[in-house]
Amino acid sequence: MFHEALRHHRDGRIDDAVALYERVLAFKPGYADAHNNLAAALEAQGRIKEAVVHYERALVLSPGHARAHNNLGIALLKQGRIGEAVAHHERALALKPDYASAHENLGIAFEKQDRLSEAVAHYERALSIRPDHAGTHNNLGIALVRQGRIDEAVKHYELALTLKPDYAIAHNNLGIALEKQGKIDEAVARYERALMLKPDYAIAHNDLGIALEKQGKIDEAVKHYERAIALKLDDANAHNNLGVALVKQGRIDEAAAHYDRALVLNPGNLDALNNLAALLMKHGSIDDAMTYYRRTLVIDPDNAEAHHGLGNIFTFQGKFDDATAHLGRAIAIRPDYAEVYLNLAEIKNFRHDDAGLAALEALADRNDLSSGKGPYIHFALAKALDDSGDYDRAFDHLLKGNSLKRRQIHYDEKSEVQLFQRIAIAFDATLFDRFRGPGDPSSVPIFVLGMPRSGSTLIEQILASHPQIHGAGELRDLDAAISSVLSAGNRAVPYPECVPALAGDTLRRIGEAYLVRLPVPADRKTRITDKLPGNFLAIGMIRLILPNARIVHTVRNPIETCVSCYSKLFASGQYFSYDLAELGRYYHYYNKLMTHWRSVLPPGAMLDVCYEEVVDDLEGQARRLIDYCGLPWDDRCLSFHRTIRPVKTASLVQVRKPLFRSSLQRWRRYESGLQPLLQELGMKTQSAQ
């Protein structure tokens, strides 16, 4: 009967095996092997508590039963009784020193205790006894990754897959290691292979989502995060990751809900706390954001991300001393925290003998600098070298930083160009003749738009210095409003081709949907700025849905604009800016679209404001701007740099300073390296102004 039970057990007929083991023990209650095997079968059914009882009974009957000690250790580990598990695995090895399985399981237990060196030693000992065990190679790889020994981990994952090519977990773990090496495309291939072998592998869906997000494939990432959550509802990490991706899609309320869910599942989830804080900060809830960051620091005073977040808040508020203290603390905690170096570089002026410059150069020279960190360090170092007057080396690091970033993102230039062309076709002059005033009549919004780095932050700061204007920063509400109304109609024709067939009532509802998303301004504020540069693509739609809204288009020297874009590592989007030729072509199509808007819009529908003219004649241009908005003049608009409000764009330092002509013609520092850009712009360096 015992051997029949063993056959059923080995064949996977666990219920039958349990019944037969119990019958054996009814006749022979002192049979230690039967207790051990019954325990293993019960464990396979998920009945861990009962399994532990029978393992313990086997050891009472046979204290030298090495296999029962090992098995009991496994069961105790599942109960979270790690110290007891370690004791039983060690007892198994005292009885049987060459017991490979016990070495591996002791390694697993040590790893849960963060005793990584001991874990690695036992995995290696297991492999010296049993070198062809794929699972041990996989487990050793996990421990090596945690030690930062990524290259060694990759070798063991590859050995595991040589031994067992259909090992889904090893494919996924190899993907994680490759991702840490910056090999995102290879990592994606491994995650996809894992899911081909095991379609309901929730962890692999989550990990693939992370990698796709790094490639800029946000929509695909969201689908995999959602699948991970569907398979494992209580996965706080997947909820957090989905929140991050939804933020990038502009689905802010949904993102916040997933962060909240992650915190319900795990109130101490520091990533979710920090991400929710970052979301609140981005959308103006500064006090709430600080509360969440400080909550993180209560749990973990040395949490570098929270110090980084607080540093950013103080930067946005113009409190640069406080910002420097927190950013410096983040670097002290994590010396290779690349993103912090960039944020610190943005608010600091470097000299050639600056210790911070030396630290950046040391990081840039490291052979183990991952491609994920590389762009931050190279952009930070470029800024520091520019400050110190070493322009040739600064541009060299700009080239390196942009090249690294370009390889990490997915930018479909062809689709981008087609979008520009489709918009121009859909929004022709006859459209504006036909639709005269059917949108919402509100004059509250003031759209400030144009190319990034064209002076839009400066113009918004001038406007926000007026007592009747609330500067709301870069809002994502326009696209959200358009999508919400158009998707509700289940239209077969996509945007923008569907616009000519829209009814006036639909346009009004889109305008209303935008207005209800706007932040509530403080007392006496009657107008709100929306300073999202990319809204230049939607100028025609703005005119249709909000015919009384003001549209301010900021213009700057084309080369200066493009070089300024090229010198910045943007927090998100602007994927056209990381290659000089692509950047030049994007500017060309942007300029062509702006020419189209001027040709089809009614006179006065849009105001062009030139950055260089603002620098040369601040008062004249500021008065022109305020007059266009239909507001009375206020002298505070000339002291824009003294206006206290959070500023979150790449120009956050500059707008807190008065204007100087030194901000003009800075591109000439890099003139010799700009040929790909100049060629696409159709300019020659000798005559470009």
Side-chain angles (χ1 to χ4, degrees), residues 6-7 9-12 14 33 36-37 39-41 43-44 48 51 55 65-78 82 85-178 180 190-191 193-198 201 203-204 207:
L6 273 178
R7 280 197 306 275
H9 198 163
R10 288 167 181 161
D11 292 341
I14 304 300
D33 281 346
N36 177 69
N37 290 2
E43 193 173 341
I48 307 300
Y55 286 136
H65 199 311
R67 190 152 54 92
H69 278 291
N70 183 54
N71 291 343
L72 176 55
I74 295 170
L76 291 169
L77 198 60
K78 291 177 181 177
I82 302 173
V86 166
H88 281 283
H89 291 312
E90 288 178 332
R91 180 59 182 153
L93 289 170
L95 292 164
K96 190 178 178 183
D98 288 339
Y99 192 173
S101 179
H103 279 291
E104 179 174 9
N105 291 325
L106 182 54
I108 293 170
F110 278 147
E111 194 172 342
K112 288 186 178 295
Q113 291 180 321
D114 293 325
R115 296 163 65 178
L116 296 179
S117 296
E118 294 166 270
V120 166
H122 280 282
Y123 290 141
E124 290 174 339
R125 177 68 177 131
L127 287 170
S128 71
I129 301 165
R130 190 176 56 182
D132 59 350
H133 195 270
T136 312
H137 281 290
N138 177 68
N139 287 334
L140 176 54
I142 294 170
L144 290 169
V145 165
R146 291 187 63 193
Q147 286 188 316
R149 297 161 64 182
I150 309 301
D151 293 346
E152 295 172 72
V154 166
K155 291 177 183 176
H156 282 283
Y157 290 138
E158 289 173 340
L159 283 169
L161 291 167
T162 299
L163 293 164
K164 188 178 178 182
D166 61 349
Y167 194 174
I169 294 173
H171 278 290
N172 191 70
N173 288 340
L174 177 54
I176 293 170
L178 291 167
K180 289 181 181 295
R190 291 294 176 174
Y191 297 139
R193 178 62 178 155
L195 288 169
M196 188 181 299
L197 293 164
K198 190 177 177 182
Y201 190 179
I203 292 172
D207 291 337

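Because the structure is a prediction, the values reported are computed rather than measured.
At least one side-chain heavy atom of H137 sits under 4.5 Å from a side-chain heavy atom of L127.
The side-chain hydrogen bond (donor to acceptor under 3.5 Å, both in side chains) search around N37 returns none, not counting sequence neighbours. For R115, the side-chain hydrogen bond (donor to acceptor under 3.5 Å, both in side chains) partners at least two apart in sequence or on another chain are Q113, E118. Contacts of K180 classified as salt bridge (Lys or Arg N to Asp or Glu O under 4.0 Å), with partners at least two apart in sequence or in another chain: none.
Judged by distance alone, the side chain of Y191 and the main-chain N or O of I176 form a donor-acceptor pair under 3.5 Å. N105 contributes a side-chain N or O that, together with a main-chain N or O of S101, makes up a donor-acceptor pair within less than 3.5 Å.
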TODO: May I have the step-by-step check of side-chain hydrogen bond (donor to acceptor under 3.5 Å, both in side chains) for N36 and H65, ending in yes or no?
DONE: CA-CA 9 Å; N36 177 69; H65 199 311; 4.8 Å; no

Name each donor-acceptor pair under 3.5 Å that joins a side chain in residues 157-169 to protein atoms two or more places apart or in another chain, with its distance.
{"from": "Y157", "atom 1": "OH", "to": "G141", "atom 2": "O", "distance (Å)": "3.3"}
{"from": "Y157", "atom 1": "OH", "to": "I142", "atom 2": "N", "distance (Å)": "3.0"}
{"from": "T162", "atom 1": "OG1", "to": "E158", "atom 2": "O", "distance (Å)": "2.9"}

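Residue pairs meeting the ring pair (Phe, Tyr, Trp, His ring centres under 6.0 Å) criterion with at least one member in residues 100-133, sequence neighbours excluded, are H103-H122, F110-H122. Listed by first and then second residue, the salt bridge (charged side-chain N to carboxylate O under 4.0 Å, His left out) pairs involving residues 129-143 are E104-R130 (not counting sequence neighbours).
Other residues, nucleotides and ligands contribute over 12 non-hydrogen atoms within 6.0 Å of the NZ atom of K78.
Put simply, the residue from R146, E152, R149, E111 that forms a side-chain contact (heavy atoms from CB on, under 4.5 Å) with V120 is R149.
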